[in-house]
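For reference, the structure is listed below as structure tokens.
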Amino acid sequence: MTSSIAATPSVDVEQLRTKVQDMYRQVAREPQGHFHFEMGRALAERLGYPPGDLDAIPAESIESFAGVGHHFDLAALREGETVLDLGSGSGMDTFVAARRVGARGAVIGVDMTDAQLQKAEMLRDRAGLGQVTYRTAYLESLPLPDDSVDVVISNGVINLCADKAGVFREAARVLRPGGRLAISDIVTERDLPETVSCDATLWAACIGGAMRQDRYIAAIEAAGLRVTAVQENPAYRFLSRSAQGASREYGVRSVSLRAEKV
């Protein structure tokens, strides 16, 4: 059962991380560049982010937003909670979360790309959001103690990780009993061919690393979380022809889901 849940193509992990860091360094520094995916405020609003939230957070974080869905309705954040954002990028979701949990709450963003973290920290300091902190780390090895956060969120990032089962185990480890996971990510209906799934460049473009949806959900539940809601995000779309072709042929698409720690 484990092999069917965590089946991971033989991509070079270090090469993959380098490709991802290179791409998302550009996302942070040159958000008007050309990518396989859409970015910015128009995307965020189409996915479901309320304009009031976007008006209240740093515009530069929205420019570098490259998420694939909206899951704050599933997260149902409450004042005073501690939230962890996996792959926090330039900080947009951490700033939205900070509005929900208030000054008595805490938001922790984790990312591996220095340019993203530096931009997020600069914007946080300028906005005076003292409840937001950032850590440099890989999602498969979180620098947080067991049972330390109420909610884990993530937007379009876990598909970039080679060891997705490891990411979900870490998310479950740091969640308090009864805590919840609310994420958006890219999944597939059918297995991708090795020409796609073993290509680090296509992984970094949010295509090659997409996991089949049934296996993705099985990996979450194997980590000790119970999936309670899954919804598709039809408003999300890829931009490049190659990505659109993969979407049509293999059912590559965006979903949001909620799970709870058993």
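- Cation-pi geometry between R41 and F65 is not met at under 6.0 angstrom from the ring centre and within 45 degrees of the axis.
- Only one option out of V227, V230, T228 pairs with R258 in a side chain to side chain contact (heavy atoms under 4.5 Å, CB included); it is T228.
- A salt bridge is absent between R25 and E30; no separation between the charged side-chain nitrogens and carboxylate oxygens falls under 4.0 Å.
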Using the side-chain contact (heavy atoms from CB on, under 4.5 Å) rule, take D185 and M211 through it: C-alpha gap first, then chi angles, then the decisive distance, then the call.
CA-CA 10 Å; D185 208 4; M211 194 176 193; over 6 Å; no

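- Residues E232 and S254 form no side-chain contact, since every pair of their non-hydrogen atoms from C-beta on lies 4.5 Å or further apart.
- Between the side chain of K261 and the main chain of P177, no donor-acceptor pair closer than 3.5 Å is present.
- Applying the side chain to side chain contact (heavy atoms under 4.5 Å, CB included) rule to A59 yields no partners; only residues at least two apart in sequence or on another chain are considered.
- Rounding to the nearest 0.5 Å gives a distance of 8.0 Å between CG of L47 and OG of S184.
- Taking 4.5 Å as the limit, every side-chain heavy atom of M122 sits out of range of all side-chain heavy atoms of S90.
- The backbone N or O of Y138 sits nowhere less than 3.5 Å from a side-chain atom of S141 that would complete a donor-acceptor pair.
- A salt bridge links E60 to R126: one of the charged nitrogens lies within less than 4.0 Å of a carboxylate oxygen.
- Counting only distance, with no hydrogens or angles, the side chain of S148 and the backbone of L144 share no donor-acceptor pair below 3.5 Å.
- Side chains of M112 and L117 form no contact here, defined as non-hydrogen atoms less than 4.5 Å apart.
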Can you check side-chain contact (heavy atoms from CB on, under 4.5 Å) on L175 and L84, steps first, answer last?
CA-CA 9 Å; L175 277 170; L84 171 64; over 6 Å; no

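- Of the possible donor and acceptor atoms, one in the side chain of R180 sits under 3.5 Å from a partner among the backbone N and O of A75.
- Interatomic distance, D85 CG to M92 CE, rounded to the nearest 0.5 Å: 10.0 Å.
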Given the rule in the side-chain contact (heavy atoms from CB on, under 4.5 Å) test, do Y134 and T94 qualify, once you have shown the distances and angles that lead to the verdict?
CA-CA 9 Å; Y134 296 102; T94 63; 2.8 Å; yes

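- Y24 and A66 make their closest contact through CE2-CB, 4.5 Å (heavy atoms, listed as atom of the first residue, atom of the second, distance).
- The side chain to side chain donor-acceptor pair (under 3.5 Å) test applied to R212 returns D191, D214, not counting sequence neighbours.
- Between E260 and R226 there is a salt bridge, since a side-chain N of the basic residue sits under 4.0 Å from a carboxylate O of the acidic one.
- Here the shortest heavy-atom pairing between A182 and H71 reads O-CD2, 3.3 Å.
- R104 and E79 are joined by a salt bridge, as a carboxylate oxygen and a charged side-chain nitrogen come within less than 4.0 angstrom of each other.
- Between V255 and Y216 there is no side-chain heavy-atom pair separated by less than 4.5 Å.
- Under the 3.5 Å distance criterion, with hydrogens and angles disregarded, no donor-acceptor pair is assigned to the side chains of Q21 and T113.
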Step by step, work out the side-chain contact (heavy atoms from CB on, under 4.5 Å) result for F72 and D53.
CA-CA 11 Å; F72 279 94; D53 278 343; over 6 Å; no

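- Summarising the geometry of D111 relative to G89, their closest heavy-atom pair is OD2-N, 2.8 Å, with the distance given to 0.1 Å.
- Y49 and D93 share a donor-acceptor pair across their side chains, judged by distance under 3.5 Å alone.
- Looking at residues two or more places apart in sequence or on another chain, you find no side chain to side chain donor-acceptor pair (under 3.5 Å) involving E63.
- Atom CD of Q116 is separated from atom OG of S88 by 8.0 Å, given to the nearest 0.5 angstrom.
- Side chain of E121 to main chain of Q118: no donor-acceptor pair is present (N/O by atom type, distance under 3.5 Å, no hydrogens or angles).
- Between the N233 side chain and the Y236 main chain, no donor and acceptor come within less than 3.5 Å of each other.
- With values rounded to the nearest 0.5 angstrom, I183 atom CD1 is found 4.5 Å from I220 atom CD1.
- Here the side chain of D150 pairs a donor or acceptor atom with the backbone of T82 at under 3.5 angstrom.
- The backbone N or O of A223 sits nowhere less than 3.5 Å from a side-chain atom of R169 that would complete a donor-acceptor pair.
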Could you walk me through whether R253 and Q213 pass the side-chain hydrogen bond (donor to acceptor under 3.5 Å, both in side chains) check?
CA-CA 10 Å; R253 64 184 185 274; Q213 182 172 322; 2.6 Å; yes

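- Side-chain contact check for V149 versus V83: every heavy-atom pair is 4.5 Å or farther apart.
- Going from atom CG of L86 over to atom CG of L181 covers 7.5 Å, rounded to the nearest 0.5 Å.
- What you find for L142 and A171 is that their closest heavy atoms are CD1-N, 4.3 Å.
- L74 and V96 end up in different hydrophobic clusters when Ile, Leu, Val, Met, Phe, Trp and Tyr side chains are linked at under 4.5 Å.
- Between R46 and R237, some side-chain heavy-atom pair lies under the 4.5 Å cut-off.
- Using a 4.5 Å heavy-atom threshold, the side chains of R124 and F95 count as touching.
- For the pair K19 and D22, the salt-bridge criterion is not met [side-chain N within less than 4.0 Å of a carboxylate O].
- Atom CZ of R190 and atom OH of Y250 lie 8.5 Å apart (nearest 0.5 Å).
- Nearest heavy-atom pair, R99 versus G52, reported as atom, atom and distance to 0.1 Å: NH2-O, 4.1 Å.
- Across every non-hydrogen atom of R135 and P143, the tightest pair is NH1-O, 2.9 Å.
- The pair D147-R173 does not meet the salt-bridge criterion, since no charged nitrogen lies less than 4.0 angstrom from a carboxylate oxygen.
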